[in-house]
Structures are given as structure tokens and as C-alpha cells.
Amino acid sequence: MTIINWSFASDFSDEERRRLRQHTIDYHYDVGGYNFVYASFYITDTDRYSGAHVMMKRSHNRKPLRMLLGSASASEACVRKQFGIENEITIEGPAGTGFVQDTSCYHRATPPTHGDRLMLAVRFIN
């Protein structure tokens with residue numbers, strides 16, 4: 001599967017973004033089977049003010065049972081408390097920057113406030 005996704009800068013509040021489903025700014029993990037991975041590429045220069053991708057290291061295989069039952073979404077405070085802010089990675093870079101991720105880890109995007117982001121994501125499933 002290939003996804004091309006624009007995230008447009010705005011001064012919307014986080015609640016407005018959630019209501020409009022404009023951007024996935026809350027931590028969540030994907031449940032896509034047992035053998036899948038994403039390769040993502042920024043098509044535009046991207047930083048924390050233009051929708052940079054954020055992920056929590058080691059959260060793909062160390063979720064406590066309470067995080068596995070129910071919703072795949074969790075608050076930023078809950079994820080940081082469980083895995084430690086030192087394990088949070090913000091992926092910023094110029095157009096062409098790419099990264100590979102097991103999206104069963106907790107991840108989110110920063111709300112774009114100063115610049116638009118275009119990202120290409122390719123999901124590989126075995």
C-alpha cells in the first residue's frame with residue numbers, strides 16, 4: 001500500500017484538529033498483522049513545526065497489558081510515563097529524508113503550525 005499525505009499548517013487547536021480529523025497528533029500504534037513495516041519519505045522539508053513524525057523507541061514490544069486491551073490510542077502523558085521521554089524521537093529533515101518504522105510502536109505527528117508537510121509512506125506486508 002502506498003499513501004501520500006498532505007498535512008497543512010493551521011492555527012487550529014488540538015481539539016479542532018481531532019474533531020476535523022485533519023492530522024493524527026495523538027499517540028497510537030497500528031495493528032496491521034504480524035509482518036509489516038513502513039518506509040516513509042518527506043517530500044517537503046519537515047520539522048517539529050510542520051508535522052514531523054514522532055515515535056517512542058521500544059514501545060513496539062514492551063506494551064503492558066493495559067495498553068494492549070481496548071484502544072490503540074494513548075495520551076502523550078501516558079506514553080511518556082510508560083516508556084520515558086528520553087525514548088521519544090522526533091524525525092526532522094529536508095525533503096528526501098526517509099525512515100523505516102515498525103508502526104506497532106507508539107507514534108504520532110506534530111501539529112503543523114508553520115509549514116505544510118507532504119509525506120510518502122509505503123507499507124510492506126509479508
Side-chain angles (χ1 to χ4, degrees):
M1 174 190 335
T2 304
I3 302 164
I4 297 179
N5 187 7
W6 272 110
S7 297
F8 298 106
S10 71
D11 59 358
F12 290 143
S13 70
D14 287 352
E15 283 308 313
E16 288 172 309
R17 289 177 196 279
R18 288 180 188 103
R19 185 174 48 77
L20 296 170
R21 299 179 189 263
Q22 182 202 26
H23 203 63
T24 308
I25 60 170
D26 294 311
Y27 268 112
H28 66 283
Y29 60 90
D30 299 341
V31 182
Y34 293 103
N35 296 314
F36 72 102
V37 67
Y38 276 84
S40 300
F41 303 90
Y42 293 142
I43 308 302
T44 55
D45 295 346
T46 303
D47 63 19
R48 65 191 65 234
Y49 305 107
S50 59
H53 195 80
V54 180
M55 62 173 284
M56 189 60 70
K57 290 191 303 186
R58 293 191 268 297
S59 64
H60 65 289
N61 62 4
R62 294 190 180 174
K63 291 180 198 73
L65 187 59
R66 66 180 165 72
M67 293 180 114
L68 292 170
L69 301 175
S71 175
S73 296
S75 71
E76 182 177 68
C78 180
V79 172
R80 285 179 171 177
K81 181 178 180 185
Q82 179 64 41
F83 300 103
I85 195 168
E86 69 278 3
N87 287 310
E88 187 175 69
I89 300 170
T90 302
I91 303 169
E92 301 174 282
T97 298
F99 55 95
V100 176
Q101 178 184 33
D102 173 353
T103 58
S104 64
C105 76
Y106 276 103
H107 60 281
R108 67 182 186 90
T110 59
T113 56
H114 291 86
D116 302 333
R117 179 198 75 179
L118 180 59
M119 187 169 86
L120 167 68
V122 180
R123 182 170 76 173
F124 298 95
I125 303 172
N126 183 9

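Side-chain contact between Asp14 and Pro111: present, with at least one pair of heavy atoms (C-beta onward) separated by less than 4.5 Å. Counting only heavy atoms from C-beta outward, the side chains of Phe83 and Arg62 approach each other to under 4.5 Å. The shortest distance between side-chain heavy atoms of Tyr29 and Leu68 falls below 4.5 Å.
A donor-acceptor pair is defined here as one N or O able to donate and one able to accept, closer than 3.5 Å; no such pair exists between the side chain of His107 and the backbone of Tyr27. In this structure, Thr44 contributes its side chain and Leu118 its backbone to a donor-acceptor pair below 3.5 Å. The closest donor-acceptor contact from the side chain of Asp30 to the backbone of Ser104 lies at 3.5 Å or more, if one exists at all.
Atom OG1 of Thr46 sits about 10.0 Å away from atom CG of Asp116, to the nearest 0.5 Å. Between the CZ atom of Phe36 and the CD1 atom of Ile125 there is a distance of 8.0 Å, given to the nearest 0.5 Å. In this structure, the separation between CE on Met119 and OG1 on Thr97 is 12.0 Å, given to the nearest 0.5 Å. Taken from CG in Asn5 to OG in Ser40, the straight-line distance is 10.0 Å, to the nearest 0.5 Å. Here the OG-NE2 distance, from Ser7 to His53, works out to 11.5 Å after rounding to the nearest 0.5 Å. One finds the CE atom of Met55 at 8.0 Å from the CG atom of Asp102 (value rounded to the nearest 0.5 Å).
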field: Verdict with supporting geometry, Gln82 and Met56, side-chain contact (heavy atoms from CB on, under 4.5 Å)
entry: CA-CA 10 Å; Gln82 179 64 41; Met56 189 60 70; over 6 Å; no

task: Walk me through it: do Val79 and Glu88 pass the test side-chain contact (heavy atoms from CB on, under 4.5 Å)?
output: CA-CA 9 Å; Val79 172; Glu88 187 175 69; over 6 Å; no

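Linking ILVMFWY residues whenever their side-chain heavy atoms come closer than 4.5 Å, directly or via other members, places Phe124 and Val100 in the same cluster. Leu120 and Ile91 are assigned to two separate hydrophobic clusters, defined by single-linkage of ILVMFWY side chains at heavy-atom distances under 4.5 Å. Linking Ile, Leu, Val, Met, Phe, Trp and Tyr whenever their side-chain heavy atoms come within less than 4.5 Å leaves Phe8 and Tyr42 in two separate clusters. Note on Leu69: it does not cluster hydrophobically with Met67, by side-chain heavy-atom contacts below 4.5 Å among ILVMFWY residues. Taken together through direct or relayed side-chain contacts under 4.5 Å among Ile, Leu, Val, Met, Phe, Trp and Tyr, Phe99 and Met1 form parts of separate hydrophobic clusters.
Heavy-atom minimum distance, Gln101 versus Val37: O-CG2, 3.3 Å. Here the closest heavy-atom approach between residue Pro112 and residue Ser50 is recorded as CB-C, 3.8 Å. Considering all non-hydrogen atoms of both residues, Ala52 and Glu92 come closest at CB-CG, 4.1 Å. Across Ala109 and Arg117, no two heavy atoms sit closer than the pair CB-NH1, 4.1 Å.
Within a 6.0 Å radius of CZ in Arg48, other residues, nucleotides and ligands contribute 12 heavy atoms or fewer.
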